[in-house]
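Start at 1 and go down the list; that is how both ligands and their atoms are numbered. Please read all numbers here as calculations on a predicted model, not as lab measurements.
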Amino acid sequence: MSATLTRAIDARQAVRQAVLVEPRRLELRDVAPPRPGRGEVLIEVRCALSCGTDLKAFRRGHPLWPMPTPFGHEFSGVVAQVGAGVTTFKPGDEVMAAPTAPCGECFYCGRGQENLCADAVGRMVLGAYADLLLLPAHVVARNTFIKPPQVPFEEAALLEPLSCVVHAQAMAAPQSHETVLIIGAGAFGLLHLLVARAAAVREIAVLGRGARRLKWAADLGADQVFDAQDAGAVGKVADLNGGFGPDLVIECTGQLDAWADAFARVRRGGRVVFFGGCPPGTALSIDTRRMHYDNLTLLAPFHYRPRDVRVAYELLIARKLGAGAVINAHRRLGELDEVFAMLERGEALKCAVIP
Ligand SMILES: [Zn+2]
Ligand SMILES: [Zn+2]
């Protein structure tokens, strides 16, 4: 007797799996369907979302994803099979999940900093651009959830990026009387905009590049948008908050010059969130006088903890953020090359890839 509960998947029939073979070379390979082991869950992917990290890896590789690597890490789907010992999910359940989970036992987990657990980043689920995806036991146990029927699969697939944003804003704790400046009008910048708006902060400004992105930011509810290429942008940021400057600056580009800009633009006594990770080997030079005498608080949140995933899940199932608006392109799995071409041209924030 098999301990694996099975929905109709023919073990002999190949399924499609996108593999990043080397930078700029994606292959859609036929592979044998994976079988879930103890504690594991196999899902039929219904939606995978493109992510800025995917685009970075596509362009220049990723230190944690040696190539060739299965590709894609934001997803939702339907349970196809469950391994022995799985009692919380059954075939046919619609699910959403974060692609990592902490061990719950190490030094960092013991201190509530599960985002720093070696398992949290080292054992990421990769391969969401595929027909089927195997969720490992630690992800099934801690960061997999039932998707309510009213949440579209593509919105459910936002669980991972939204968890990162929730974690960052939990650290930054924007207040209702504050003015927030978001630097970067990509998908992460705009998710920050939506979460800050849900926190009812007084004013949100977005500093970004390009008319198309700034229009998206305005459409999603930014009170002001500034074009970083406009010579007057610095003055407009300084004018925020009655001329004191923003209380909180959230940097979402992962570019060193934007980090420096975030440090320079925040008001005295304000907080900076360095959200976007910069390329390895970069260093930020800090004016210590400004840091000290202007009493700045610098925060650099990384990744997410299970409690952030839970909050992100609640936000998504409540459907009050309008988070689906950051997904503004749709393609089939066979069109993955076009997805990345489109992302490179800046024509989409996030693309839903449907098998
Ligand atoms: Zn992502
Ligand atoms: Zn741990």
Worksheet item: To the nearest 10°, what's the angle at the Zn ion (ligand 2) between atoms SG (C103) and SG (C106)?
Response: 110°
Item to complete: Give, rounded to 10 degrees, the angle between SG (C109) and SG (C117) as seen from the Zn ion (ligand 2).
Response: 110°
Discussion item. Using a 3.5 Å distance criterion without hydrogens, assess whether the side chain of E22 forms a donor-acceptor pair with backbone atoms of M67.
Written reply: no
Fill in: Apex the Zn ion (ligand 1) - arms OE2 from E74 and OE1 from E160 - angle rounded to 10°
80°
Worksheet entry | N/O/S from C164 sitting under 2.8 Å away from the Zn ion (ligand 1) | no
Worksheet item: Taking atom types as modelled and ignoring hydrogens, do the side chains of R202 and T179 form a donor-acceptor contact shorter than 3.5 angstrom?
Response: yes
Worksheet item: Does the side chain of Y304 come under 3.5 Å of the side chain of T100 through a donor N or O and an acceptor N or O?
Response: yes
Practice prompt. For the residue pair V309 and F145, establish whether any side-chain heavy-atom pair is separated by less than 4.5 Å.
Written response: yes
